[in-house]
Amino acid sequence: MRKIVLTFIVALGVAGGYAQNEAGKFSIKPLAGVNISTFSGGMDDMYHLRFGFTGGLEAEYGVTPWLGLSLGMVYSQQGADMDGSYMLMGTDDDGNSIVTKTAIEGKLKNNYINLPLMANFYIPQVRGLSIKAGVQVGFLISDELSVDGKTAMAMYNHDATSLVPLPGGNDNVFWRANTSDVCKSVDVGFPIGLSYEYKNVVLDARYYFGLTKIDKTADAEDCRNRCITVTLGYRFRL
């Protein structure tokens with residue numbers, strides 16, 4: 001299958017119509033597409049994929065026929081859906097072992113203005129194909145955490161083999177939280193990806209792994225942004 005796909009791409013390249021990098025020339029590219037984002041670190045099994053919009057503009061300078069440098073300004077909807085539970089252990093004043101289990105469902109929405117600085121390496125053997133890598137700085141413009149939760153408290157019985165409800169009806173407490181200003185204002189990381197261009201239309205796919213621990217709450221988790229971005233753009237050569 002891979003041989004068939006590669007043969008098809010090469011054949012199209014011979015037929016013409018493909019763009020290649022032009023040394024000493026500038027170009028600009030409006031783009032729009034979709035993000036698939038989540039977080040790594042912290043409670044990994046609680047964070048799930050969130051889909052969001054991305055769109056903006058990139059400018060590129062051709063250094064050589066095989067190398068271009070680009071700088072973008074891109075609006076990006078990121079974050080994660082949340083669905084899972086966690087447990088905390090403790091003791092009461094009488095020395096009993098207390099277990100608190102909290103189940104939550106919600107989402108954290110982060111909206112950024114991202115500035116990706118990329119090196120684009122064009123492949124001469126497959127015209128229009130490029131491999132890219134670089135560094136990205138993201139500036140948080142808004143964040144919103146909305147969570148529905150249920151907290152149940154119990155204690156171990158005397159032989160510590162099973163959980164029993166706490167007296168006084170302290171189990172199954174339902175709660176809701178909605179807040180903002182929970183994430184750091186700047187995010188830094190590395191994007192890598194591929195793009196393919198045909199008649200000035202550019203299909204671009206990137207994976208971004210953030211280096212910044214974005215949680216700034218009192219009990220901060222070791223959370224970092226992770227994001228797959230797929231965009232479609234059109235290149236205007238100047």
Side-chain angles (χ1 to χ4, degrees), residues 30-58 71-88 100-118 134-153 170-193 204-233:
L31 55 90
V34 63
N35 284 330
I36 307 172
S37 62
T38 188
F39 302 125
S40 69
M43 296 177 288
D44 281 350
D45 57 349
M46 186 174 294
Y47 299 123
H48 304 281
L49 299 179
R50 177 177 183 250
F51 292 82
F53 169 79
T54 184
L57 189 71
E58 280 192 338
L71 177 63
M73 178 177 290
V74 183
Y75 170 73
S76 182
Q77 294 178 340
Q78 296 171 213
D81 288 346
M82 305 170 68
D83 186 7
S85 62
Y86 62 92
M87 298 180 67
L88 298 175
T100 301
K101 182 177 181 181
T102 301
I104 67 172
E105 181 178 348
K107 58 186 61 181
L108 176 58
K109 301 177 181 179
N110 294 344
N111 297 320
Y112 289 91
I113 295 295
N114 290 328
L115 305 179
L117 177 62
M118 307 292 292
V135 63
Q136 177 175 294
V137 179
F139 297 95
L140 185 70
I141 57 176
S142 68
D143 62 343
E144 181 183 4
L145 173 65
S146 56
V147 176
D148 290 331
K150 181 180 75 172
T151 299
M153 299 180 67
N170 290 324
D171 57 329
N172 294 328
V173 177
F174 293 89
W175 52 273
R176 174 168 291 179
N178 195 303
T179 186
S180 60
D181 197 29
V182 296
C183 296
K184 294 180 180 178
S185 58
V186 178
D187 179 47
V188 178
F190 297 113
I192 58 174
D204 188 297
R206 300 180 190 181
Y207 176 69
Y208 172 78
F209 50 99
L211 302 179
T212 304
K213 298 179 182 180
I214 64 168
D215 189 351
K216 72 171 188 179
T217 60
D219 299 316
E221 293 184 59
D222 184 11
C223 294
R224 294 172 169 84
N225 279 313
R226 298 290 184 266
C227 188
I228 295 173
T229 300
V230 179
T231 61
L232 196 64

For the pair Lys216 and Asp181, find out whether any cationic side-chain nitrogen is under 4.0 Å from an anionic carboxylate oxygen.
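Judged by the 4.0 Å cut-off on N to carboxylate O distance, Lys216 and Asp181 do form a salt bridge.
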
Hey, is Lys213 close enough to Asp215 for a salt bridge, meaning N to O under 4.0 Å?
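Salt bridge absent between Lys213 and Asp215.
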
Between Leu57 and Met73, does the side chain to side chain contact (heavy atoms under 4.5 Å, CB included) criterion hold? Intermediate values first, please.
CA-CA 6 Å; Leu57 189 71; Met73 178 177 290; 5.7 Å; no

Drop me the distance from [X]'s [atom1] to [Y]'s [atom2], to the nearest 0.5 angstrom.
{"X": "Ile141", "Y": "Gln77", "atom1": "CD1", "atom2": "CD", "value": "9.0 Å"}
{"X": "Asp222", "Y": "Ser40", "atom1": "CG", "atom2": "OG", "value": "7.5 Å"}
{"X": "Met46", "Y": "Phe39", "atom1": "CE", "atom2": "CZ", "value": "13.0 Å"}
{"X": "Asn110", "Y": "Glu144", "atom1": "CG", "atom2": "CD", "value": "10.5 Å"}
{"X": "Lys109", "Y": "Ser180", "atom1": "NZ", "atom2": "OG", "value": "12.5 Å"}
{"X": "Asp204", "Y": "Thr231", "atom1": "CG", "atom2": "OG1", "value": "4.0 Å"}

Of the options Asp187, Ile192, Asn114, Asn35, which is the one that meets Tyr208 in a side-chain contact (heavy atoms from CB on, under 4.5 Å)?
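For Tyr208, the side-chain contact (heavy atoms from CB on, under 4.5 Å) check succeeds only for Asp187.
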
Check: [Y] main-chain N/O paired with [X] side-chain donor or acceptor under 3.5 Å:
{"X": "Arg224", "Y": "Leu211", "answer": "yes"}
{"X": "Ser146", "Y": "Asn178", "answer": "no"}
{"X": "Thr179", "Y": "Leu145", "answer": "no"}
{"X": "Arg206", "Y": "Val230", "answer": "no"}

Considering all heavy atoms, the nearest Ser37-Gly79 contact
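Heavy-atom minimum between the residues: OG-O, 2.9 Å.
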
Quick one: closest heavy-atom pair of Thr54 and Val34, and the distance?
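It is CG2-N, 3.9 Å.
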
[X] side chain near [Y] side chain, heavy-atom distance below 4.5 Å:
{"X": "Ile214", "Y": "Asn225", "result": "yes"}
{"X": "Lys184", "Y": "Leu140", "result": "no"}
{"X": "Asp81", "Y": "Arg50", "result": "yes"}
{"X": "Arg226", "Y": "Tyr207", "result": "yes"}

Go through the steps to decide whether Leu108 and Cys183 satisfy the test side chain to side chain contact (heavy atoms under 4.5 Å, CB included), and finish with yes or no.
CA-CA 10 Å; Leu108 176 58; Cys183 296; 4.0 Å; yes

Phe53 and Tyr75 aromatic ring geometry - parallel, tilted or perpendicular at 30°/60° bounds
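Tyr75 and Phe53: tilted rings.
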
Is there a donor-acceptor contact under 3.5 Å linking the side chains of Tyr112 and Gln136?
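Result is no, nothing qualifies.
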
Between Phe139 and Leu115, is the side chain to side chain contact (heavy atoms under 4.5 Å, CB included) condition met? List the steps.
CA-CA 8 Å; Phe139 297 95; Leu115 305 179; 3.7 Å; yes

Side chain to side chain contact (heavy atoms under 4.5 Å, CB included) between His48 and Thr38, worked out:
CA-CA 6 Å; His48 304 281; Thr38 188; 5.8 Å; no

